[in-house]
2 protein chains.
Amino acid sequence: MKNRLKVLRAERDWSQGDLAERLQVSRQSVNAIETGKYDPSLPLAFRIADLFGLPIEAIFLRD
Amino acid sequence: MKNRLKVLRAERDWSQGDLAERLQVSRQSVNAIETGKYDPSLPLAFRIADLFGLPIEAIFLRD
DNA sequence: CGGGTGAGTCAAGTTTCATTGACAAGGTGC
DNA sequence: GCACCTTGTCAATGAAACTTGACTCACCCG
């Protein structure tokens, strides 16, 4: 399960902390997801999709 | 987080056990997800979407 | 040289997801 | 009657997701 978080974040010039705040999770969670330590829960994946205005499939990719 | 699993399953005349087998999870997991006890993990949500040939957003709905 | 920010990581703890095994209740059909 | 299947649920366990707090390192800017 890969994801395009880092790119989407860069496009908006957000730090991991910025993104964490918008998603209401810790900065460490954002970092862990970006660096592939684990996958987000489904509810969090939806929040991410909503935030970026993209379908989940456009952000998270089967690997 | 609601889901349309029960309907999709009914359309195909699958039991919870059938679906569990196809998803490679326990029958109890399918039941727990259907009855709203908890949400599936993102990888499992992708497997469900793939199985039914639908986007995640067409199966799981924000509540 | 410091001070600040962003990123990565660790440890330790709680919550959520998923498991096996078991049991009860309803329906079907013989 | 009773066998069988499906669904719902429970307890106990383990793994994954998420938390707070702390620390390091690189980078930039004054």
Side-chain angles (χ1 to χ4, degrees):
Chain A
M1 197 101 282
K2 290 178 181 172
N3 70 73
R4 308 205 317 115
L5 271 187
K6 193 167 187 171
V7 177
L8 294 168
R9 197 166 55 74
E11 286 173 359
R12 287 154 184 80
D13 199 25
W14 292 346
S15 68
Q16 292 184 345
D18 291 336
L19 178 55
E21 196 177 350
R22 287 170 205 264
L23 294 173
Q24 316 238 58
V25 294
S26 68
R27 184 185 65 83
Q28 286 86 338
S29 290
V30 169
N31 182 268
I33 293 166
E34 270 193 18
T35 56
K37 288 229 179 97
Y38 53 73
D39 298 315
S41 66
L42 188 58
L44 179 50
F46 265 91
R47 270 185 275 153
I48 293 170
D50 288 347
L51 181 60
F52 290 115
L54 292 168
I56 290 182
E57 280 87 348
I59 303 176
F60 299 95
L61 309 121
R62 303 152 182 79
D63 53 6
Chain B
M1 197 98 283
K2 290 179 183 172
N3 69 72
R4 309 206 317 116
L5 270 187
K6 195 167 185 170
V7 178
L8 294 169
R9 198 166 56 71
E11 286 174 357
R12 287 155 184 79
D13 199 26
W14 292 345
S15 68
Q16 292 183 346
D18 291 336
L19 178 54
E21 196 177 352
R22 286 170 206 265
L23 294 173
Q24 314 238 58
V25 295
S26 69
R27 182 186 69 84
Q28 287 86 337
S29 290
V30 169
N31 183 269
I33 293 165
E34 271 193 18
T35 56
K37 288 230 179 97
Y38 53 73
D39 298 316
S41 66
L42 187 58
L44 179 51
F46 265 92
R47 269 185 276 151
I48 294 170
D50 289 347
L51 180 61
F52 290 114
L54 293 168
I56 289 181
E57 281 86 351
I59 303 177
F60 300 95
L61 310 127
R62 302 151 183 80
D63 52 7

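Note: hydrogens, waters and symmetry copies are ignored here, and every other heavy atom, side chains too, is used. So that the names make sense, note that chain A is the first sequence line, chain B the second, and so on, each numbered from 1. In this text, all values refer to a predicted model and were calculated from it rather than measured experimentally.
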Where at least one partner belongs to residues 14-30 of chain B, residue pairs that pass salt bridge (Lys or Arg N to Asp or Glu O under 4.0 Å), sequence neighbours excluded: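 Passing the test, one end in residues 14-30 of chain B: no pairs.
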Test side-chain hydrogen bond (donor to acceptor under 3.5 Å, both in side chains) applied to Asp39(A) - qualifying residues, sequence neighbours left out: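 So Asp39(A) forms no side-chain hydrogen bond (donor to acceptor under 3.5 Å, both in side chains) with any residue.
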Results of side-chain hydrogen bond (donor to acceptor under 3.5 Å, both in side chains) for Ser41(B) - residues two or more places apart only: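 Residues passing side-chain hydrogen bond (donor to acceptor under 3.5 Å, both in side chains) with Ser41(B): none at all.
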Residues in contact with DNA chain C, drawn from residues 3-11 of chain A - heavy-atom cutoff 4.0 Å: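 The stretch gives Lys6(A), Arg9(A) as the residues lying under 4.0 Å from the strand, ordered by number.
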Residues within residues 28-53 of chain A bordering DNA chain C, heavy-atom distance below 4.0 Å: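 Heavy-atom cutoff 4.0 Å gives Gln28(A), Asn31(A).
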Leu19(B) side chain reached by Leu8(B) side chain, heavy atoms, under 4.5 Å: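 Not in contact.
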Pairs touching residues 12-45 of chain B that satisfy ring pair (Phe, Tyr, Trp, His ring centres under 6.0 Å), sequence neighbours left out: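 Found Trp14(B)-Phe52(B).
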Of all pairs that satisfy side chain to side chain donor-acceptor pair (under 3.5 Å), the ones with a partner from residues 2-13 of chain B, not counting sequence neighbours: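 Only Arg9(B)-Glu34(B) qualify under side chain to side chain donor-acceptor pair (under 3.5 Å).
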Integer-rounded Å distance: dC18(D) P and Glu21(A) CD: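 Whole-Å distance recorded here is 18 Å.
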Axial bend angle, the helix from dC1(C)-dG30(D) to dC30(C)-dG1(D): five-pair end segments, nearest 10°: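 Terminal axis comparison yields 30°.
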Point-to-point distance, once rounded to the nearest 0.5 Å, from CG of Leu44(B) to CG of Leu42(A):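 The CG atom of Leu44(B) sits 9.0 Å away from the CG atom of Leu42(A).
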Can you pull every protein N or O that's under 3.5 Å from an N or O on nucleotides 23-30 of chain D?
none

Check the interface with nucleotides 2-5 of chain D: list each N/O to N/O pair with the protein under 3.5 Å, or write none.
none

In a table with atom names and distances, give each donor-acceptor pair under 3.5 Å that connects a side chain of residues 53-63 of chain B to protein atoms at least two apart or in another chain.
from     : atom 1 : to       : atom 2 : distance (Å)
Glu57(B) : OE2    : Ile56(A) : N      : 2.7
Arg62(B) : NE     : Asp50(A) : OD1    : 3.0
Arg62(B) : NE     : Asp50(A) : OD2    : 3.0
Arg62(B) : NH2    : Asp50(A) : OD1    : 2.7
Asp63(B) : OD1    : Met1(B)  : N      : 2.5
Asp63(B) : OD2    : Met1(B)  : N      : 2.2

Nucleotides bounding contact with chain B, strand DNA chain C, heavy-atom threshold 4.0 Å: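 So the contact region on DNA chain C extends dC17(C) to dA22(C).
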